[in-house]
Novice: 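Next up is a structure, given as structure tokens.
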Amino acid sequence: MQENLFLYNSLSRKKEKFTAIKPPFVGMYVCGPTVYGDAHLGHARPAITFDLLFRYFQHIGYKVRYVRNITDVGHLESDADQGEDKIAKKAKLEQVEPMEIAQFYSDRYHRDMDKLNVLRPSIEPRASGHIIEQIELTQKIIDTGYAYVSNGSVYFDVEKYNQKYNYGKLSGRILEDLYSNTRQLDGQDEKRNSFDFALWKNASPEHIMRWNSPWGQGFPGWHAECSAMGHKYLGEKFDIHGGGMDLLFPHHECEIAQNTIAVGENSINYWVHNNMITINGQKMGKSLGNFITLDELFTGANKVLEKAYSPMTIRFFILQAHYRSTLDFSNEALQAAEKGLARLLKGVETLQGLKPSKENNFDAEKFRQDCYDAMNDDLNSPILISNLFEGLKTINSVATGSEKIDEKNLNILKETYNTFLFNVLGLKLENEDAGNNEMLEDVVNMVLNLRLSAKEKKDWATSDFIRDELTKIGIKVKDTKEGFEWEI
RNA sequence: GGUACCUUGGCCGAGUGGCUAGGCACCGGUCUGCAAAACCGGCUACGGCGGUUCGACUCCGCCAGGUACCUCCA
């Protein structure tokens, strides 16, 4: 097991050596999607980032329990007059059961993530399936005196909490500053202080999603689910909590406050946050309406897209930037990723066919170590990828005979590419579309064979005619030594 | 307004107090009947102004521009 993985901890604002609470086990909780719409490019970032971490942990020998929730209740709409539940609002609109909406979008979320080769988490709990746990959490906080009941709702007493603990330690905020700089929101009269947050919300008569509780019918507050489910499945103390940077405040700050009262201080060791994907320099987000769904990316069905991009192109694009940097979307960048990935995968194919020599002028062990070093340094996937591109030079040089590699080094090289490109980065070969239309394939091959015999007779007019006509239809012909290749 | 962060070559994107990341594009070469593809090679950038230093893209200060969070958001 590698023992020198460093991760950036949002809590300490620096890279820290990762030490598991109970090796070889690792408990990791990541904030998942609110299922009331299709997943967009922004959702792919945390999914892929924590998939990378999940995969790497496993590769270096940890047994990971990875919990990623599905939020199907609890989030309020800020723009709605009465604070309707997001899921419920959508349900009314489409005249279906709220759970139908949640199911529909969960399924689509899974479909998109599967395409991106994101591994399913070990446990994927739903907020609606853990109402009891959230009620228990709320009761526990009331019992300790850090929450109060008001009008059938329960609020966390941030002011009181802050006297003993530090509210704002994760996001670097100071409560006094927050008071002076916040704007007035509706429905604040139930609260003692504006920064108190709901553990449980009283449901208005028209609110569809509601459950019985000691405080009347209602639904859980915004931050309760992660605390309740995280600790249920990972214990009072666990290793990692992840999510997008936009959740740092207030979501994760509130979670820390809840956890501190409910299970004790420092219940989570490492807080890991991925940065945002931007478009034209601005955050891609639901509320800004500037998002592109993954489905649109895969099919090309969005005006801003010049073409469709395959799931692996999206994955590679995201991995080519470090997870804590913003990543700017553009067609140009995506196309660059697409070409780069294709070259990399081609190189791996070449690698499989390399023959070892007696001589050797490549240090594969150093190469392998460089790859581990990149990952150990806070999951530096861009550096890892650049290493893999560097290795391509050797692969191609060996293939053309200008460099030599012996069996031992060749085996290490193969193993390194296999490990990092496929297992750790989670990339895979994509089946070409042509494969699912056998008749087309046969026809094109036949035509190109005709062209080949024309070429043998040096009948350039015919051979160029065939190529030009195929190009017009949209089939790109590439001549090779053995004959030809083509793609649509 | 408060807090934090960012500004790297045509584009994307790493990183470092001295040792040209990488990808894409572009240019040259090899190959090819031609072309494409592939491969090889070239392309030496770090917002502005000061300061610290033998030396700064890297540290400090100021300025400019941008972003995020402060409300649901990955």
Side-chain angles (χ1 to χ4, degrees), chain A residues 13 30-34 36-37 39-50 71 74-80 83 86 168 171-174 176-183 185-186 195 222 242-251 253 273-278 281-288 291 316-317 320-322 324-341 343-344 346-347 350 374 377 380-390 392-393 396-397 399-400 402 455 458-460 463-464 467-468 471 476-481 484-487:
Chain A
R13 285 148 211 264
V30 175
C31 290
T34 303
Y36 67 111
H40 61 74
L41 188 56
H43 293 97
R45 190 112 198 242
I48 289 171
T49 297
F50 293 102
T71 299
H75 283 246
L76 295 171
E77 284 252 334
S78 59
D79 51 347
K86 273 186 178 171
S171 55
R173 270 155 235 261
I174 296 161
E176 287 76 53
D177 294 349
L178 286 171
Y179 281 133
S180 56
N181 291 309
T182 191
R183 72 172 200 235
L185 294 168
D186 293 338
F195 277 91
W222 312 343
M245 268 184 191
D246 49 353
L247 298 177
L248 239 140
F249 189 90
H251 185 54
E253 199 67 65
H273 292 96
N274 62 274
N275 212 321
M276 303 292 107
I277 285 181
T278 58
Q282 203 183 28
K283 174 186 165 184
M284 184 180 284
K286 199 109 191 162
S287 48
L288 292 164
F291 60 92
F316 188 68
F317 169 67
Q320 257 190 317
H322 187 258
R324 281 192 293 111
S325 301
T326 56
L327 170 60
D328 199 52
F329 163 89
S330 71
N331 279 286
E332 217 179 346
L334 238 24
Q335 280 161 33
E338 183 175 52
K339 286 182 185 167
L341 176 61
R343 197 156 76 81
L344 207 47
K346 192 145 205 157
T350 307
D377 183 15
N380 201 326
S381 55
I383 292 289
L384 171 59
I385 289 170
S386 101
N387 287 341
L388 295 175
F389 272 113
E390 280 293 297
L392 232 48
K393 286 183 186 163
N396 288 325
S397 300
T400 56
S402 60
K455 280 175 70 178
K458 298 201 189 300
D459 180 1
W460 310 128
S463 90
D464 286 355
R467 185 175 64 197
D468 292 347
T471 304
K476 205 188 278 179
V477 179
K478 302 171 198 172
D479 289 351
T480 64
K481 286 217 167 62
F484 54 80
E485 282 176 9
W486 59 277
E487 65 185 31

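Here is the naming used below: chain letters follow the sequence lines, and residue numbers restart at 1 for every chain.
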Novice: How are the rings of A:F316 and A:F389 set to each other: parallel, tilted or perpendicular (split at 30° and 60°)?
Specialist: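 Aromatic pair A:F316/A:F389 classed perpendicular.
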
Novice: When the P atoms of B:U52 and B:C12 are considered, how many whole Å apart are they?
Specialist: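 The answer is 35 Å between these two P atoms.
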
Novice: Given B:A25, B:C70, B:A74, which nucleotide is nearest the side-chain atoms of A:R45?
Specialist: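 Closest nucleotide to the A:R45 side chain: B:A74.
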
Novice: Once you apply the 3.5 Å cut-off to both distances, tell me the Watson-Crick or G-U wobble partner of B:U16, or none.
Specialist: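 None - no nucleotide pairs with B:U16, as no candidate has both distances under 3.5 Å.
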
Novice: Can you tell me how far apart CG (A:D479) and CZ (A:R467) are? Round to the nearest 0.5 Å.
Specialist: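 Spacing of CG (A:D479) from CZ (A:R467) equals 6.5 Å.
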
Novice: Checking contacts here: which listed nucleotide (B:G23, B:A74, B:G13) is nearest the side-chain heavy atoms of A:P46?
Specialist: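 For A:P46, the side-chain atoms sit closest to B:A74.
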
Novice: Counting any heavy atom closer than 4.0 Å, what does A:L327 reach on the DNA or RNA strands: base, sugar-phosphate only, or nothing?
Specialist: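 The residue A:L327 makes sugar-phosphate contact but no base contact.
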
Novice: Using a 6.0 Å distance limit plus a 45 degree cone around the ring axis, check whether A:K286 lies over the aromatic ring of A:Y36.
Specialist: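 Yes; both conditions hold, so A:K286 lies above the ring face of A:Y36.
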
Novice: Tell me the partner of B:U30, counting only Watson-Crick (N1-N3 plus N6-O4 or O6-N4) or G-U wobble (N1-O2 and O6-N3) with both under 3.5 Å; none if nothing fits.
Specialist: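 B:A38 is the nucleotide pairing with B:U30.
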
Novice: For A:S171 and A:L248, indicate whether the former's side chain and the latter's backbone hold a donor-acceptor pair under 3.5 Å.
Specialist: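 No, because the side chain of A:S171 does not come within donor-acceptor range (under 3.5 Å) of the backbone of A:L248.
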
Novice: Students often get this wrong, so: under 4.0 angstrom with heavy atoms, is A:Q282 touching a base, only sugar-phosphate, or nothing?
Specialist: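 Sugar-phosphate, no base atom in range.
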
Novice: What's the CG-P distance between A:L248 and B:C69, to the nearest Å?
Specialist: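 Taking atom P of B:C69 as the reference, CG of A:L248 is at 11 Å.
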
Novice: Can you identify which nucleotide, out of B:G22, B:A14, B:A74, has its nearest atom closest to the A:N274 side chain?
Specialist: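 So the nucleotide nearest the side chain must be B:A74.
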
Novice: Begin from the C-alpha positions of A:H43 and A:F291 and carry the test side chain to side chain contact (heavy atoms under 4.5 Å, CB included) through to its verdict.
Specialist: CA-CA 10 Å; A:H43 293 97; A:F291 60 92; over 6 Å; no

Novice: Determine which nucleotide pairs with B:U52, using a 3.5 Å limit on both distances of a Watson-Crick or G-U wobble pair.
Specialist: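 In the structure as shown, B:U52 has no Watson-Crick or wobble partner.
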
Novice: Which nucleotides of nucleotides 27-41 of chain B have their base under 4.0 Å from a protein heavy atom (B), which only their sugar-phosphate (S), and which neither (-), written as one string 5' to 3'?
Specialist: ------BBBBS-SS-

Novice: Counting any heavy atom closer than 4.0 Å, what does A:T471 reach on the DNA or RNA strands: base, sugar-phosphate only, or nothing?
Specialist: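 Nothing: the residue A:T471, judged by heavy atoms under 4.0 Å, touches no strand.
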
Novice: Relative to the 5' end of RNA chain B, which residue comes earlier, A:M276 or A:A336, by the nucleotide with the nearest heavy atom?
Specialist: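 Its nearest nucleotide being more 5', the pick is A:A336.
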
Novice: Would you classify A:H40 as touching base, sugar-phosphate or nothing, given that sugar-phosphate means primed atoms plus P, OP1 and OP2, and contacts are heavy atoms under 4.0 Å?
Specialist: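 Base contact.
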
Novice: Between B:G55 and B:A37, how far apart are the two P atoms, rounded to whole Å?
Specialist: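 Between the two P atoms, the distance is 49 Å.
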
Novice: Look up atom CD1 in A:I48 and atom CG in A:N274, then write down how far apart they are to the nearest 0.5 Å.
Specialist: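 It is 10.5 Å, given to the nearest 0.5 Å.
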
Novice: Across all strands shown, which nucleotide pairs with B:A64 by Watson-Crick or G-U wobble geometry, both distances under 3.5 Å?
Specialist: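 Result: B:U7.
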
Novice: If you find the nucleotide of RNA chain B closest to A:S171 and the one closest to A:A333, which residue's nucleotide is nearer the 5' end?
Specialist: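 Closest to the 5' end, via its nearest nucleotide, is A:S171.
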
Novice: May I ask you to verify if any side-chain N or O of A:S386 is less than 4.0 angstrom from the OP1 or OP2 atom of B:G13?
Specialist: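 Checking A:S386 against B:G13: no side-chain N or O falls below 4.0 Å of OP1 or OP2.
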
Novice: Counting only Watson-Crick pairs (N1-N3 plus N6-O4 or O6-N4) and G-U wobbles (N1-O2, O6-N3), all under 3.5 Å, who is the partner of B:C43?
Specialist: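 When the pairing criteria are applied, nothing turns out to pair with B:C43, so the answer is none.
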
Novice: To the nearest 0.5 angstrom, please state how far the CG atom of A:L392 sits from the NZ atom of A:K346.
Specialist: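 Going from CG on A:L392 over to NZ on A:K346, the span is 11.5 Å.
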
Novice: For A:N380, does its backbone N or O pair with a side-chain atom of A:D377 as donor and acceptor, under 3.5 Å?
Specialist: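 Not a single qualifying donor-acceptor pair exists.
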
Novice: Name the nucleic acid region contacted by A:M245, choosing base, sugar-phosphate or nothing; use a 4.0 angstrom heavy-atom cut-off, strictly under.
Specialist: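 No contact.
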
Novice: Classify the nucleic acid contact of A:G42 as base, sugar-phosphate or nothing, counting any heavy atom under 4.0 Å across all strands shown.
Specialist: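 Base contact - A:G42 has a heavy atom under 4.0 Å of at least one base atom.
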
Novice: Choosing from B:U71, B:A21, B:A74, which nucleotide comes nearest the side chain of A:I383?
Specialist: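 Nucleotide nearest to A:I383's side chain: B:A21.
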
Novice: Would you mind classifying the nucleic acid contact of A:I385 as base, sugar-phosphate or nothing, using non-hydrogen atoms under 4.0 angstrom?
Specialist: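 Here A:I385 touches no strand at all.
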
Novice: Does B:G1 pair with anything, Watson-Crick or G-U wobble, both distances under 3.5 Å, and if so, with which nucleotide?
Specialist: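 Its partner is B:C70.
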
Novice: Does OP1 or OP2 of B:G15 have a side-chain N or O of A:N380 closer than 4.0 Å?
Specialist: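 For A:N380, the contact criterion (side-chain N or O under 4.0 Å from OP1 or OP2 of B:G15) is met.
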
